[in-house]
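Below: one structure, written as structure tokens.
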Amino acid sequence: MADLVLAAATTAASAAEAITAGLGTGGLALQLNAGAIAPEAAVLLTLIVCLLVDLAGENAASRWVPPICYGGLGASLVLLALQWNSPLEPSFLGSFLADNLAIAFRAVVAASTLISLLLSWRYVERSGTPMGEYAAILLSATLGAMFLCGSTDLVSIFISLETLSVASYLLAGYMKRDARSAEAALKYLLVGSAAAAVFLYGASLLYGLSGGATDLATIGLALQTSASPITALALVFVLATVAFKIAAVPFHQWTPDVYEGSPTPVVAFLSVGSKAAGFALAVRLLVGCFDSFDAQWKFLFTVLAVLSMVLGNVVALAQTSMKRMLAYSSIGQAGFVMIGLVCGTADGFSAMVLYMAAYLFMNLGAFACIILFSLRTGSDRIADYAGLYQKDPLITLGLSLCLLSLGGIPPMLGFFAKIYLFFAGWADHQYLLVVVGLVTSVVSIYYYISVIKMMVVKEPQDASDVVKAYPAITWNLAGMQPLRAALVGCVVVTAVGGVLSSPLFDWASSTVAGTPILQQAIASVTVAPLG
């Protein structure tokens with residue numbers, strides 16, 4: 001801890017000297033390159049405006065906060081699109097880099113926040129909690145996640161990580177009157193604090209091994225000539241932090257309880273936005289910093305991927321709650337994404353980016369259906385979905401398509417994304433990962449189709465009591481129209497995206513081509529066998 005504080009002080013002193021020099025030479029703008037964080041600036045401005053509007057009262061907040069959030073996040077996505085393939089220039093004295101990888105993952109985070117907000121308004125309205133305050137906290141988490149995707153310095157990584165984490169703790173316990181929500185927040189806080197401490201200790205070791213550097217590029221160069229037990233310990237600590245953020249086994253214990261107890265729209269964001277930031281952090285630290293220990297971290301990630309795919313999908317079979325089932329499903333999905341990272345090839349990295357984009361729509365589509373069912377019935381038990389097709393065809397169709405996509409059934413978007421991952425793994429001779437992935441995908445199809453069968457196949461007299469007492473479907477309540485728009489949009493992209501997936505493949509390939517650290521990793525993988 002002391003070492004990292006010293007690192008922060010050193011970085012601040014260096015920044016002050018550089019800024020002073022920049023002022024003397026007229027190069028301050030070049031030193032900061034503040035335009036790289038224009039998308040985050042749009043989110044920050046939106047956050048501040050939401051807080052100001054919330055001060056005007058709940059009626060004003062209910063009216064103005066949703067369009068303000070749409071405008072701010074929409075502007076952020078547009079600014080990200082404008083940055084695509086732009087010349088690479090380090091920002092803020094080398095602590096942030098807006099390469100294509102950062103842009104892609106920041107876009108996934110911003111899009112997941114936008115969809116989560118669309119799912120949230122009715123939920124927040126019914127709970128009676130302040131809408132402006134809720135939006136501000138969620139935007140704070142978004143801000144931390146977006147900065148984390150492009151951070152290239154230990155200090156900026158830690159600040160971004162804690163911004164995301166603290167906001168996530170608040171969101172998990174946002175329903176203060178719900179004991180389960182308070183329990184979820186407490187568990188998340190305790191485990192998250194331990195993960196933060198582990199990262200700090202690992203970062204302090206890296207700071208010492210590199211001779212006082214905090215930027216990842218310098219640390220990576222120093223580690224090339226520093227193979228010692230201390231380096232191995234730093235790698236393990238950093239890997240533990242990454243595994244916690246992406247909910248990989250055995251660092252997954254917080255996931256089921258937090259998912260079950262937290263407000264469902266919050267879970268929707270954590271399942272996609274927080275996970276995307278975690279994988280971006282994994283690439284920055286492992287590929288960009290520990291490239292000289294490529295074999296070691298890939299072996300550890302292979303073990304984590306196998307454990308995640310097996311435990312996540314097997315334990316999901318026994319769940320009776322939809323949210324807990326999707327929690328274990330998300331653990332298994334993280335294992336699939338890790339296949340692309342372990343490959344270290346162009347196809348592997350492209351498949352990882354593509355799968356995160358596909359996961360955004362199919363997972364949030366499933367959560368939209370669960371939120372809608374919960375709003376109408378107050379239940380998230382799988383057994384209560386029995387016979388739902390008779391009363392609510394929209395939820396039945398939407399949830400069925402999203403679950404089939406998560407299971408990898410053609411011609412859904414998830415099928416093409418998963419096939420691309422398995423293709424990349426097989427081409428890189430990662431036979432164990434591919435075989436385990438195929439077997440566990442079959443297992444996942446069983447519990448996904450069990451839910452669909454529960455909704456569709458049951459006879460009218462076998463419908464659950466909840467479905468028999470299902471209320472009349474109304475869409476004119478506050479917040480219901482945005483929820484329906486998010487649900488339909490996610491389901492359409494999930495269903496049609498597989499057939500029209502060529503632009504997504506091109507986008508994922510362009511992401512890898514425009515990211516220097518990935519190109520270096522690919523080149524080293526290509527050259528290594530020749531050597």
Side-chain angles (χ1 to χ4, degrees), residues 235-236 239-240 242-252 255 275-276 278-283 285-287 290-291 293-317 328-359 362 405-410 414-448 505 508-509 512 518 521-522 524-526 528-529:
L235 172 60
V236 170
L239 197 68
V242 169
F244 167 79
K245 212 64 202 168
I246 62 177
V249 177
F251 303 93
H252 69 290
T255 311
K275 198 178 291 290
F279 275 106
L281 175 63
V283 173
L285 287 173
L286 299 176
V287 177
F290 285 95
D291 56 327
F293 295 87
D294 187 71
Q296 289 83 351
W297 71 255
K298 283 186 177 179
F299 171 75
L300 293 173
F301 244 58
T302 300
V303 174
L304 293 180
V306 170
L307 291 175
S308 299
M309 287 187 284
V310 172
L311 186 139
N313 288 298
V314 170
V315 177
L317 291 168
Y328 282 105
S329 167
S330 75
I331 294 169
Q333 300 289 342
F336 294 135
V337 180
M338 281 191 272
I339 296 175
L341 191 55
V342 169
C343 291
T345 60
D347 285 334
F349 290 130
S350 297
M352 180 183 69
V353 174
L354 177 65
Y355 200 87
M356 284 309 304
Y359 187 64
M362 55 192 182
S405 184
L406 284 166
I409 299 295
F415 167 76
F416 291 95
K418 196 169 285 188
I419 281 294
Y420 194 12
L421 272 173
F422 292 158
F423 165 77
W426 195 266
D428 192 50
H429 310 296
Q430 304 291 340
Y431 302 125
L432 173 64
L433 287 176
V434 174
V435 170
V436 172
L438 287 169
V439 173
T440 52
S441 289
V442 173
V443 174
S444 73
I445 290 169
Y446 176 81
Y447 61 78
Y448 289 137
F505 280 95
S509 300
V512 176
L518 297 184
I522 293 164
S524 65
V525 168
T526 306

Review point. Any side-chain heavy-atom pair from Ser441 and Phe336 closer than 4.5 angstrom?
Key: yes
Revision key, fill the gap. Note: Met338 and Ile246 closest approach over all heavy atoms is SD-CD1, 4.1 Å
Exercise for review: For residues Asn313 and Ser444, report the shortest heavy-atom separation together with the two atoms involved.
Suggested key: OD1-CB, 3.3 Å
Exercise for review: Calculate, to the nearest 0.5 Å, the distance between atoms CZ and CD1 belonging to Phe251 and Ile331 respectively.
Suggested key: 13.0 Å
Review point. How long is the gap from CE on Met356 to CZ on Phe279, to the nearest 0.5 Å?
Key: 6.5 Å
Check your understanding: Considering only heavy atoms from C-beta outward, does the side chain of Pro250 approach that of Leu304 to under 4.5 Å?
Key -> yes
Point to revise | Check: Val443 main-chain N/O paired with Thr440 side-chain donor or acceptor under 3.5 Å | key: no
Practice item. Return yes if some donor-acceptor pair links the side-chain N/O of Lys418 with the main-chain N/O of Leu438 below 3.5 Å, else return no. Key: no
**Study point:** Exercise: identify the closest heavy-atom pair between Val283 and Met352
**Key:** CG2-CE, 3.6 Å
Practice item. Taking all heavy atoms of Ala316 and all of Ser329, pick out the closest pair and write down the distance. Key: CB-N, 4.5 Å
Exercise for review: Anything under 30° is parallel, anything over 60° is perpendicular, the rest tilted; go ahead and classify Phe505 against Tyr420.
Suggested key: tilted
Review point. Going by heavy atoms in the side chains, are Val287 and Asp294 under 4.5 Å from each other?
Key: no
Point to revise | Parallel, tilted or perpendicular, as decided by the 30° and 60° cut-offs, for the rings of Tyr359 and Tyr355 | key: parallel
Revision key, fill the gap. CZ of Phe416 to OG of Ser405, rounded to nearest 0.5 Å, is 10.5 Å
Review point. Of the non-hydrogen atoms in Ile339 and Leu433, which two are nearest, and what is the gap between them?
Key: CD1-O, 3.9 Å
Point to revise | Within-4.5 Å side-chain heavy-atom neighbours: Leu285 and Trp297 | key: no
**Study point:** Heavy-atom closest contact (Ala282 atom, Leu341 atom, distance)
**Key:** CB-CD2, 3.9 Å
Review point. Looking only at atom types and distance, does a side-chain atom of Ser308 sit under 3.5 Å from a main-chain N or O of Gly335, one as donor and one as acceptor?
Key: no
Check your understanding: With a 4.5 Å limit on heavy-atom distance, are the side chains of Phe293 and Leu286 in contact?
Key -> no
Revision key, fill the gap. Exactly one candidate in Thr345, Ile522, Asp347 meets side chain to side chain contact (heavy atoms under 4.5 Å, CB included) with Val512; the answer is Ile522
Check your understanding: If we only count heavy atoms from C-beta on, is the Leu311 to His252 side-chain gap below 4.5 Å?
Key -> yes
Review point. Atom OH in Tyr448, atom CG in Leu406: separation rounded to 0.5 Å?
Key: 4.5 Å
Practice item. Step by step, work out the side-chain contact (heavy atoms from CB on, under 4.5 Å) result for Phe301 and Val242. Key: CA-CA 10 Å; Phe301 244 58; Val242 169; 4.0 Å; yes
